[in-house]
Protein chains: 2
Amino acid sequence: MADDPAPLPLPRSASTAQQVHDWLYSCVLRGDLLPGQRLSETEIAARVGLSRQPVREAFIRLAENGLAEIRPQRGTYIGRISMRAVLSARLIREAVESDLARRVAGLRPDLSALHAQIAAQQMAHAAEDVPAFIEADDRFHAAMAEAAGAPEVWQDLDRLKAQMNRLRHLSMRVFDRAATMAQHRAILEALEAGDAGAAEAAVRAHLRQMLDELPQMAAAHPAYFTD
Amino acid sequence: MADDPAPLPLPRSASTAQQVHDWLYSCVLRGDLLPGQRLSETEIAARVGLSRQPVREAFIRLAENGLAEIRPQRGTYIGRISMRAVLSARLIREAVESDLARRVAGLRPDLSALHAQIAAQQMAHAAEDVPAFIEADDRFHAAMAEAAGAPEVWQDLDRLKAQMNRLRHLSMRVFDRAATMAQHRAILEALEAGDAGAAEAAVRAHLRQMLDELPQMAAAHPAYFTD
DNA sequence: CCGTCTTTACTTGTATGGAAGTTCGCGCTA
DNA sequence: TAGCGCGAACTTCCATACAAGTAAAGACGG
């Protein structure tokens with residue numbers, strides 16, 4: 001009944017539609033495309049030298065990932081940052097990652113990867129490289145998931161994280177990056193000490209920082225948000 | 001910079017491509033389309049009386065939701081149930097819903113909606129109506145999220161839940177539905193008593209049941225699973 | 001001067017044809 | 001008979017044309 005299994009799940013070269021999607025995706029997350037901005041199939045198609053069809057399919061993927069809104073016969077727009085979605089994603093991350101932190105504290109695994117990401121973040125901070133700083137931040141949390149023996153969990157959180165990352169690219173130029181790093185160090189200290197309670201508290205405190213940032217950013221850029 | 005906000009976010013009649021997607025989506029979750037089964041653009045298009053294009057776009061959405069796998073120039077197949085994805089989704093649900101249960105126990109809100117879903121599940125169980133049973137199960141958990149003051153969290157969990165629901169439609173004909181209902185009653189009892197610790201324990205125990213079901217189903221239908 | 005209707009220029013949605021690539025099977029060759 | 005090669009039939013992918021719908025600008029009537 002079921003057909004043959006895939007022998008090579010690695011696509012050697014993605015389709016052009018996939019490439020267009022990946023490009024737009026990173027543009028949205030980095031803030032090169034701003035919330036509410038209009039996207040035109042024909043314009044993007046001309047810009048990348050393709051027909052409308054692959055661009056259109058890229059839009060569909062974007063919309064399915066919650067990054068764009070297709071209004072039939074009217075236009076496609078970069079989705080505004082839903083405050084409800086951000087708060088929901090934040091709540092989920094807090095619940096999941098605090099659970100993961102407890103596991104890591106109990107397992108006492110090798111934590112050199114987390115040290116490495118903190119070092120990388122330190123360098124990005126010194127160089128004022130905001131994208132690299134955010135990437136190192138993500139890798140720190142991914143390393144924690146891996147240390148907990150559940151690396152695939154971080155993949156599932158990626159989608160939810162997308163909305164949060166958009167917010168961070170707006171706020172990271174304003175907010176205190178040193179405080180973020182201090183929180184990471186506090187988490188790592190608790191993990192190395194094997195103190196599950198302290199690790200959970202540190203993770204929850206770290207992720208609750210966004211509860212302060214969100215209303216400030218929403219007030220500063222009301223056109224970028226909904227809800 | 002940002003354009004006008006959407007006045008009517010409610011699409012009165014979705015595009016046909018969207019309808020095709022919704023149809024296929026429910027077919028996959030209900031098990032009418034089995035993991036590994038081949039999908040053909042031309043065949044589906046002929047079956048619904050449309051051209052290949054809207055069907056193709058429905059496939060893209062399915063793939064983006066993790067329910068189908070498009071292998072370029074080779075074919076599109078219903079995705080197999082990834083054991084890693086199921087375990088990851090289960091872990092996330094346990095972490096999030098145990099947190100929500102603690103909140104509900106502290107808030108002491110109106111819990112009549114949960115009672116109603118248990119009653120509905122009892123009726124579905126008596127009528128041997130498996131889909132209705134599963135739907136009532138989902139509504140119970142959704143009602144708990146709403147009682148915790150975070151209904152949007154359940155929406156985010158829907159995507160992850162999709163993989164789990166596919167598994168349940170396979171296993172619900174085999175496994176003990178009475179045990180599931182007893183677990184729901186235990187959760188509700190703890191919530192009504194306002195006992196956060198007991199509520200969390202009951203939720204975790206309920207969601208850990210899948211750890212038993214998954215290997216059994218994977219052994220019974222190895223062709224439907226990967227990892 | 002203001003309101004209303006019509007036209008026109010856009011948008012996305014769908015249909016169709018062909019291009020690129022994969023798979024399977026038949027026939028040839030050793 | 002076993003192995004190789006080629007071709008036919010299939011797949012998804014992309015390009016193009018057309019259809020349906022929206023919105024805004026302008027003409028017209030009051």
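All values below come from the heavy atoms of this structure, side chains included, with hydrogens, waters and symmetry mates left out.
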Checklist entry - What residues form a side chain to side chain donor-acceptor pair (under 3.5 Å) with D212(A), not counting sequence neighbours? => result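 By the side chain to side chain donor-acceptor pair (under 3.5 Å) rule, D212(A) matches no residue at all.
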
Checklist entry - Looking at residues at least two apart in the chain, or sitting in another chain, which of them share a side chain to side chain donor-acceptor pair (under 3.5 Å) with N165(A)? => result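 Expected list: D138(A), R168(A).
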
Next on the checklist: Any salt bridge linking E57(B) with R61(B)? Criterion: basic side-chain nitrogen under 4.0 Å from a carboxylate oxygen.
Outcome noted: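 Judged by the 4.0 Å cut-off on N to carboxylate O distance, E57(B) and R61(B) do not form a salt bridge.
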
Quick one: list whatever passes salt bridge (charged side-chain N to carboxylate O under 4.0 Å, His left out) with [X], sequence neighbours left out.
{"X": "D32(B)", "answer": "R30(B)"}
{"X": "D227(B)", "answer": "R84(B)"}
{"X": "E213(B)", "answer": "none"}

Taking atom [atom2] of [N] as reference, at what distance in whole Å does atom [atom1] of [X] sit?
{"X": "R38(A)", "N": "dT11(C)", "atom1": "CZ", "atom2": "P", "answer": "6 Å"}
{"X": "I70(B)", "N": "dC14(D)", "atom1": "CD1", "atom2": "P", "answer": "11 Å"}
{"X": "Q73(A)", "N": "dA20(D)", "atom1": "CD", "atom2": "P", "answer": "11 Å"}

Can you check nucleotides 15-17 of chain D for protein contacts, nitrogen or oxygen pairs under 3.5 Å, and list what you find?
| residue | atom | partner | partner atom | Å |
| --- | --- | --- | --- | --- |
| dA15(D) | OP2 | S51(A) | N | 2.8 |
| dA15(D) | OP2 | S51(A) | OG | 2.9 |
| dT16(D) | O4 | Q53(A) | OE1 | 3.4 |

Checklist entry - Are side-chain heavy atoms of L33(A) and L67(A) found at a separation under 4.5 Å? => result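 Sidechains of L67(A) and L33(A): no contact.
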
Checklist entry - Heavy atoms, side chains only, cut-off 4.5 Å: are R208(A) and R90(A) in contact? => result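 A side-chain contact under 4.5 Å exists here.
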
Checklist entry - Given the rule in the side-chain contact (heavy atoms from CB on, under 4.5 Å) test, do L87(B) and L211(B) qualify, once you have shown the distances and angles that lead to the verdict? => result CA-CA 8 Å; L87(B) 291 174; L211(B) 290 176; 3.7 Å; yes

Checklist entry - For DNA chain D, which residues in residues 55-62 of chain B have a heavy atom at a distance below 4.0 Å? => result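 Only R56(B) qualify.
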
Just the table, please: protein N/O against nucleotides 5-8 of chain D N/O, every pair under 3.5 Å.
none

Item to check | Pairs satisfying ring-ring contact (aromatic ring centres under 6.0 Å, His included), at least one member in residues 22-59 of chain A, at least two apart | outcome: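 ring-ring contact (aromatic ring centres under 6.0 Å, His included) check on residues 22-59 of chain A returns H21(A)-Y25(A).
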
Next on the checklist: Please report the interatomic distance CD1(I92(B)) to CG(L160(B)), rounded to the nearest 0.5 Å.
Outcome noted: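 Output value for this atom pair is 5.0 Å.
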
Checklist entry - For residues 146-159 of chain A, which residue pairs qualify under salt bridge (charged side-chain N to carboxylate O under 4.0 Å, His left out), counting only residues two or more places apart or in two chains? => result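 Only D158(A)-K161(A) qualify under salt bridge (charged side-chain N to carboxylate O under 4.0 Å, His left out).
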
Next on the checklist: What's the closest nucleotide to the side chain of R74(B) if the choices are dT22(C), dT12(C), dC13(D)?
Outcome noted: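 So the side chain of R74(B) is nearest to dT22(C).
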
Checklist entry - Can you find a side chain N or O atom of T76(B) that sits less than 4.0 Å from OP1 or OP2 on dT12(D)? => result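 So the side chain of T76(B) is within the cut-off, an N or O lying under 4.0 Å from OP1 or OP2 of dT12(D).
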
Checklist entry - Heavy atom of residues 39-48 of chain A under 4.0 Å from DNA chain C: which residues? => result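 Contacting residues: L39(A), S40(A), E41(A), T42(A).
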
Checklist entry - With H184(A), which residues qualify under ring pair (Phe, Tyr, Trp, His ring centres under 6.0 Å), at least two apart? => result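 Testing H184(A) for ring pair (Phe, Tyr, Trp, His ring centres under 6.0 Å), a comparison that skips the adjacent residues, returns F140(A), H141(A), H206(A).
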
